[in-house]
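Accompanying notes for the structure given below.
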Amino acid sequence: MNSPLTIEPVFHIGPVPITSPVLVTWALMALIGGFAFLATRRLQIVPSKTQASLEALVSAIDTQISDTMQVDPSPYRALVGTIFIYVLFANWSSLVPGIEPPTAHIETDAALALIVFGATIAYGIATQGLIGYLRTFAEPTWVMIPLNIVEQITRTFSLIVRLFGNIMSGVFVVGIVLSLAGLLVPIPLMALDLLTGAVQAYIFAVLATVFIGAAVGERRKTTRETTQTERKTP
Amino acid sequence: MHIDLWTLGLQTINVLVLVWILGRFFFRPVTAMIAARQVAATEALDEAQAAKAEAAAEVAKAKEEAASLTAARTDILQKAVAEAEKEKAALLAAARTEAKTLRDAAHADIDRARQSEEMAEADHACRLAVDIAARLFEKLPAEARVMSFIDGLVAGVAALPDATRTGIGADGVPVCIKAARDLTEAEKEACRAKLAQTLGRPISVAVAVDPVLIAGLEIDTPHAVVRNSFRADLDRIAAGLTRHDH
């Protein structure tokens, strides 16, 4: 068994080494993208079972975003929904024999966390402006600026480490048990990995939503206060 | 621990590409379909609401028409009842009038019947009384049936107008005396003598027997009749009794 902390390129495209997480991610992209393309080609007003399931998934994602951020979910739906779906299928890809989930490698988790970090900044600036967003670091006082900056970095690292640790440990444990015991012994652990993978996907998506929501939240609060002031004014 | 930056970059790009793919080919069409369904549901609800409102309006209109029809029916019924009452009253009045007329006519008929019955009974009683009297008079003596009536006959002749009296027994024509039986010569002579004295000239007499007279004498002339007999008396009595002046 290879160490989960090391990664070896499968092949190179020019100077670019292509590693197994990238290959698996490409396969997942093809699988998810192809299914999405095929499933949404003939949508009907009266839905089929597949369409109803997809609509239920989208509605659940929208509901989660709305409940967490208290805003219209449409600007954030694609990012949060894609993160949830990708992480879920990446975690569950360990069920395929010989496939190591991309999220069991820290590069993939770091990529996801970096995207969330970038999205947080982008959405914050988009809703509050650059000055307004930077001003949020001085909340509640300017003394909190270093802490707020550190918080931005640490919570991103927490995203990386949480997902990486949970998935990597599951893969590692299953690999150790598989090398020590028979063929059927790891099955309960694999079932547990399914649950862990779903929960981690949900947690990662929800935390991404929370972070983005926190970035746009100050603007939301300011808007709400302005509206209440206007209502009180005769 | 070593982080492969190439892998990190490629994975970042991969995830961003997947975000674009799913956003373009999954989330957008699905949310568009959800929105389209919501619009369709809203339109269907609006149409249902409009149809419901229309149905409610139709129901209200129908109720209004039903109320109008009921009012018209009630009005017609009331008019019909009033007309029937009026017709009934007219018929009753006509029937009462007709019944009164019939009752009056019946009463009049009954009265007339009773009167004619009473008259018939009275006639019958008179005739019975006259018959009884006639039978009683037949038991009188023969002399009494003539002699006692001569003076009355002469008085009747004397009461006649002069012209009529002059014509009696004139030109030798015998005076016809009717009696219930044939007169004796003495009776004829007594009659002739008293008549001659009354008329003031001599006359002759002829006797005509008529048993119907019962008793008494009568003289028939072309212009007058002098009657002094029981028959004449009984006829007068009967006429008096049967006269219905009431």
Side-chain angles (χ1 to χ4, degrees), chain A residues 3 5-9 12 15-22 25-26 28-30 32-41 43-47 51 54-55 57-59 61-62 73-74 77-83 85-87 90 102-103 105-112 114-115 118-119, chain B residues 1-70:
Chain A
S3 169
L5 301 178
T6 60
I7 188 166
E8 297 296 332
H12 288 79
V16 180
I18 305 300
T19 56
S20 63
V22 175
T25 299
W26 284 348
L28 287 174
M29 287 170 65
I32 296 169
F35 175 77
F37 177 73
L38 293 175
T40 57
R41 273 196 312 172
L43 296 177
Q44 304 290 333
I45 291 291
V46 179
Q51 182 182 339
L54 296 178
E55 289 179 1
L57 173 64
V58 173
S59 298
I61 292 169
D62 280 356
S74 55
R77 182 187 301 121
L79 178 64
V80 175
T82 301
I83 288 172
I85 292 171
Y86 171 70
V87 173
T103 46
H105 293 277
I106 200 165
E107 288 83 359
T108 305
D109 302 329
L112 289 168
L114 281 176
I115 289 171
Chain B
M1 182 174 177
H2 171 72
I3 294 177
D4 184 9
L5 295 179
W6 282 107
T7 302
L8 175 63
L10 286 174
Q11 287 295 70
T12 304
I13 294 169
N14 287 339
V15 173
L16 290 176
V17 170
L18 186 61
V19 168
W20 180 82
I21 290 172
L22 289 185
R24 172 70 179 81
F25 295 106
F26 179 65
F27 289 109
R28 187 184 299 175
V30 172
T31 52
M33 180 51 61
I34 292 172
R37 185 178 298 110
Q38 286 175 344
V39 169
T42 304
E43 288 176 353
L45 283 174
D46 290 344
E47 288 177 2
Q49 196 68 27
K52 185 180 176 184
E54 193 176 348
E58 290 292 330
V59 167
K61 189 178 174 185
K63 282 182 179 176
E64 193 176 338
E65 286 182 0
S68 172
L69 287 174
T70 304

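A, B, ... follow the sequence lines: proteins, then strands. Residue 1 opens every chain.
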Non-hydrogen atoms of A:His105 and A:Pro21 that approach each other most closely: CD2-CG, 3.5 Å
So which of A:Leu54, A:Ile83, A:Leu79 has the biggest tally of heavy-atom pairs under 4.5 Å with chain B? A:Leu54
If I measure from the heavy atoms of chain B, does A:Gln51 come under 4.5 Å with its side chain, its backbone, both, or neither? side chain
Shortest non-hydrogen contact between A:Thr108 and A:Pro102, atoms and distance: OG1-O, 2.9 Å
What residues of residues 22-35 of chain B make heavy-atom contacts with chain A at a cutoff under 4.5 angstrom? B:Leu22, B:Gly23, B:Phe25, B:Phe26, B:Phe27, B:Pro29, B:Val30, B:Thr31, B:Met33, B:Ile34
Of the backbone (N, CA, C, O) and the side chain (C-beta and beyond), which part of A:Pro9 lies under 4.5 Å from a heavy atom of chain B, both, or neither? neither
Any chance you could lay out the side-chain contact (heavy atoms from CB on, under 4.5 Å) test for A:Ile7 and B:Trp6, step after step, and finish with the verdict? CA-CA 11 Å; A:Ile7 188 166; B:Trp6 282 107; over 6 Å; no
Considering only heavy atoms, which portion of A:Leu28 lies under 4.5 Å from any heavy atom of chain B: side chain, backbone, both, or neither? neither
Could you grab the distance from atom OG1 of A:Thr25 to atom CD1 of A:Ile32, nearest 0.5 Å is fine? 9.5 Å
State, to 0.1 Å, how close B:Ile3 and A:Glu107 come at their nearest heavy-atom pair, and which atoms those are. CA-OE2, 3.5 Å
Taking 4.5 Å as the heavy-atom cut-off, does anything in residues 42-67 of chain B contact chain A, and if so which residues? none
Measuring from atom CD1 of A:Ile85 to atom CG of A:Leu57, what distance do you get when rounded to the nearest 0.5 angstrom? 5.0 Å
When the 4.5 angstrom heavy-atom criterion is applied to A:Ile45 and chain B, the contacting part is both
Non-hydrogen atoms of chain B under 4.5 Å away: do they reach the side chain of A:Ile115, the backbone, both or neither? side chain
In residues 7-21 of chain B, which residues are in contact with chain A at a heavy-atom separation under 4.5 Å? B:Thr7, B:Leu8, B:Leu10, B:Gln11, B:Thr12, B:Asn14, B:Val15, B:Leu16, B:Val17, B:Leu18, B:Val19, B:Ile21
Tell me, please, which residues at least two apart from A:Asp62 pass salt bridge (charged side-chain N to carboxylate O under 4.0 Å, His left out). A:Arg77
